[in-house]
Engineer: 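Once you've had a glance at the structure underneath, I'll fire off some questions.
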Amino acid sequence: MAKPRGGDKRRTHLRLVGSSDHPAPSRPAGLPDAEPRDAVLDTLQETLTMDLAAAPAELLPVIAEASVARLSTMVADRLWPEDASEEIGEVERLFWMDVARVLAERRDVDSFILLTGLARTVGQAGRLPLQRALMTRSRFTADVPAWVERIATFRLTSTVLSEDISGDGLSVVLDYDDEHHPHTLIVFVDNNLGALVKDVFVGPPLQQVVDAYQRGGRVTVRTVRPAVAAGIILQALGETHEYDDPPVTDDFEFFTGLLVNRLTQLPERPIRPPVQARWSGRQRDRLVSDFLAWPGAAELPEDAAGIARLWLDHALDYTAGGPLRVSAVLVELFITQWIPNKVIADSNYSRAVPPVLKAWLRFASERSEVDQETLAEAVDAVDTWSPALWFRPAGEPMPIQIPTPSVEDLEAMTLVLPGIGSPPQPDLDGLGQADAATLALIAPHAWTLAGETLGPAYAIEAFTLAERLVREAPQLLTKARLATWPRAIVWSVAHRHGLLTPGSCLTPVGLAGDLNSSPPTLRKTAKLLQDTLDPGT
């Protein structure tokens, strides 16, 4: 299904139909009125000004370029008629002629910034009149900041690919090594969601990004040709646009126009990655048979064939990387999302899933030569997420009760921190089965992550925040993956104590790397937490 036009969910006051105080150039009969009203330009200018107000000084030209690229895309989504494609170019040309004329008459700095961005980002059909207006306005630039001249002039210097060794995703890093405003544009492709672009954001200079990836470990980092990087991004963007409501971050919505604008300026044609052949039902059944004939599958329950086939279908039809990928995140998604949506399981089936998954992971690791650390993480994830098997999608408990996790169980699921030992046992009294199981999972995880990344002094605060989340705002848990919440809790604790401010020992990119997540995802989820539990702080 194609993504509908005008998919940007941000509020807008654009009104592109109606009369104007300025005489409009003649336009072909039958075309919609493309006359921009002053209020429209004022809205564009106001939005750009607000975006710049929130930007650090070193990124002002980058944020200006991104803001204007997004605004021009919003205009196109609302103006150009989809049922008159042969006439779109003329409508677009006339519209931007009107914009250029109005902006050429203004003398304030904000309108000059808007005109500069438009003249360098709008498509060819409307760019010429804007460029002429910019040349006219350039004679009145005494009060214009020097950074304005840098808008949309950055040139790509190198491209780096960082791939998770578990195959969960990859980041394409586009480096713009500018003398005054060095930065990177980072594109995250989520293989667990079908290799779509989930996040686009501006990062620090390349070396800092590479250092953060290498410090976090469990990734490979290599340089690739810009054409190869562009091909990976464009193919993944195509996957994103297959969704009517794609699971993307707010930064994706803001920076995608900037990303596309820069990719179109590359001198080489993009090199698309090869398309993976689709597995037939016969091929899938053959691999399941191979698994059942493997010595390690000799004692598996009778549901083993069906569970293995379910894993194959999930891996091949919903994710990228193939059926033999060994990943803790893939295990989490399979147990917590795929099985509840595909199977109405009885207790025997639910009991069979963990041993079959563990056997499959060992079988796959032998065939794909996965390292032992990755295999151990994936096998441990089976135990971590297995409690989710005892709940139906609507939250109805299965007949068999979940045993309350013991201290020993929790210690096995988490690490022991030097100086303070094992995490405390959460208080599960008064909670339903689903909430109790959730709290038993995320509270010790948050305790451990906070102690490892921020220091033991912050572990208890993270643990307490996890308890508050489950008890006071359980509805929030559906807003993000369960594994994201402990990470977001740690991010929130760091923010509360000012540990991410300039000059502190931590950086947003560094902490996000330590938490195996991205800054935009953590910021967004932590903001949900703060706005719900501590509004107004």
Side-chain angles (χ1 to χ4, degrees), residues 6-16 36-79 95-96 99-100 102-103 105-122 130 133-134 137 141 143-154 181 183 185-186 199-203 248-262 495 500-502 508 519-528 530-531 535-537:
D8 196 312
K9 304 297 190 300
R10 297 167 185 262
R11 291 189 60 189
T12 175
H13 301 290
L14 290 178
R15 296 293 182 269
L16 301 177
R37 301 166 66 177
D38 284 349
V40 172
L41 288 178
D42 289 343
T43 299
L44 298 179
Q45 191 166 304
E46 178 185 357
T47 303
L48 173 60
T49 301
M50 290 193 304
D51 289 339
L52 291 175
E58 64 272 16
L59 289 180
L60 285 173
V62 181
I63 300 302
E65 180 184 353
S67 179
V68 173
R70 181 175 68 89
L71 291 171
S72 60
T73 300
M74 290 168 60
V75 169
D77 282 345
R78 287 159 175 78
L79 180 65
F95 177 83
W96 292 120
V99 170
V102 174
L103 290 178
E105 296 171 355
R106 298 184 177 183
R107 293 294 178 265
D108 59 289
V109 173
D110 290 341
S111 66
F112 182 80
I113 297 173
L114 176 61
L115 177 58
T116 302
L118 291 173
R120 295 174 180 176
T121 58
V122 167
L130 291 165
L134 181 60
R137 282 290 308 273
T141 59
D143 298 327
V144 175
W147 63 261
V148 176
E149 186 57 34
R150 302 295 299 148
I151 296 176
T153 63
F154 298 101
H181 305 280
H183 64 280
L185 195 56
I186 302 174
D199 201 0
V200 180
F201 59 98
V202 171
V248 297
T249 65
D250 290 340
D251 280 345
F252 173 92
E253 298 285 358
F254 185 79
F255 288 112
T256 300
L258 168 67
L259 172 65
V260 173
N261 185 59
R262 292 190 177 183
H495 180 73
L500 297 177
T501 55
T521 297
L522 294 172
R523 274 196 297 265
K524 179 181 178 181
T525 312
K527 187 175 188 304
L528 282 173
Q530 177 182 327
D531 290 348
T537 60

Engineer: Shortest non-hydrogen contact from L134 to A119?
Structural biologist: CD2-CB, 3.9 Å
Engineer: Quick one: list whatever passes side chain to side chain contact (heavy atoms under 4.5 Å, CB included) with S111, sequence neighbours left out.
Structural biologist: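 Listed in chain order: Q45, L103, R106, D108, R137.
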Engineer: Do the side chain of R120 and the main chain of I151 share a donor and acceptor less than 3.5 angstrom apart?
Structural biologist: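 Judged by distance alone, yes, a pair lies under 3.5 Å.
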Engineer: In terms of side-chain geometry, is the basic nitrogen of K524 or E253 positioned less than 4.0 Å from the acidic oxygen of its partner?
Structural biologist: no
Engineer: What pair of heavy atoms forms the shortest contact from G257 to A69, and how long is it?
Structural biologist: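 So the two residues come closest at C-CB, 3.7 Å.
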Engineer: If I take atom NE2 from residue H181 and atom CH2 from residue W147, how far apart are they, to the nearest 0.5 angstrom?
Structural biologist: 8.5 Å
Engineer: Does the side chain of I186 reach to within under 4.5 Å of the side chain of V202, using non-hydrogen atoms?
Structural biologist: no
Engineer: Hey, are E65 and R150 close enough for a salt bridge, meaning a charged N less than 4.0 Å from a carboxylate O?
Structural biologist: no
Engineer: Minimum heavy-atom separation for D51 to I63, with atom names?
Structural biologist: O-CG2, 3.7 Å
Engineer: Give the minimum heavy-atom separation between L130 and L118, together with the two atoms involved.
Structural biologist: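 Result for this residue pair: CD1-O, 3.8 Å.
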Engineer: Quick one: closest heavy-atom pair of L185 and V200, and the distance?
Structural biologist: CD1-CG1, 4.2 Å
Engineer: Picking from V109, I113, D110, what satisfies side chain to side chain contact (heavy atoms under 4.5 Å, CB included) with T49?
Structural biologist: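 Between T49 and the candidates, side chain to side chain contact (heavy atoms under 4.5 Å, CB included) is satisfied uniquely by D110.
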Engineer: Going from OG1 on T47 to CE on M50, what distance comes out if it is rounded to the nearest 0.5 angstrom?
Structural biologist: 5.0 Å
Engineer: With rounding to the nearest 0.5 angstrom, report the CG to CZ distance, L259 to F254.
Structural biologist: 13.5 Å
Engineer: Should the pair D251-R523 be classified as a salt bridge under the 4.0 Å nitrogen-to-oxygen rule?
Structural biologist: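 A salt bridge is present here (some side-chain N lies under 4.0 Å from a carboxylate O).
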Engineer: Report the distance from atom CD of Q530 to atom OG1 of T525, rounding to the nearest 0.5 Å.
Structural biologist: 13.0 Å
Engineer: With a sphere of 6.0 Å drawn around CD of E58, does it hold more than 12 non-hydrogen atoms of other residues, nucleotides or ligands?
Structural biologist: yes
Engineer: If every non-hydrogen atom of L114 is compared with every non-hydrogen atom of L41, which pair is closest and at what distance?
Structural biologist: CD2-O, 4.3 Å
Engineer: Could you go through the side-chain contact (heavy atoms from CB on, under 4.5 Å) check for R70 and F255 one step at a time?
Structural biologist: CA-CA 7 Å; R70 181 175 68 89; F255 288 112; over 6 Å; no
Engineer: Measuring from atom CG of D143 to atom CZ of F112, what distance do you get when rounded to the nearest 0.5 angstrom?
Structural biologist: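 Between atom CG of D143 and atom CZ of F112 there are 11.5 Å.
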Engineer: So, taking the atom named OG in S72 and the one named CG in N261, what distance separates them when rounded to the nearest 0.5 Å?
Structural biologist: 7.5 Å
Engineer: Taking it one step at a time, do T249 and D199 satisfy side chain to side chain donor-acceptor pair (under 3.5 Å)?
Structural biologist: CA-CA 6 Å; T249 65; D199 201 0; 2.6 Å; yes
Engineer: Kindly indicate whether the side chain of V99, heavy atoms from C-beta on, has any atom under 4.5 Å from the side chain of V122.
Structural biologist: no
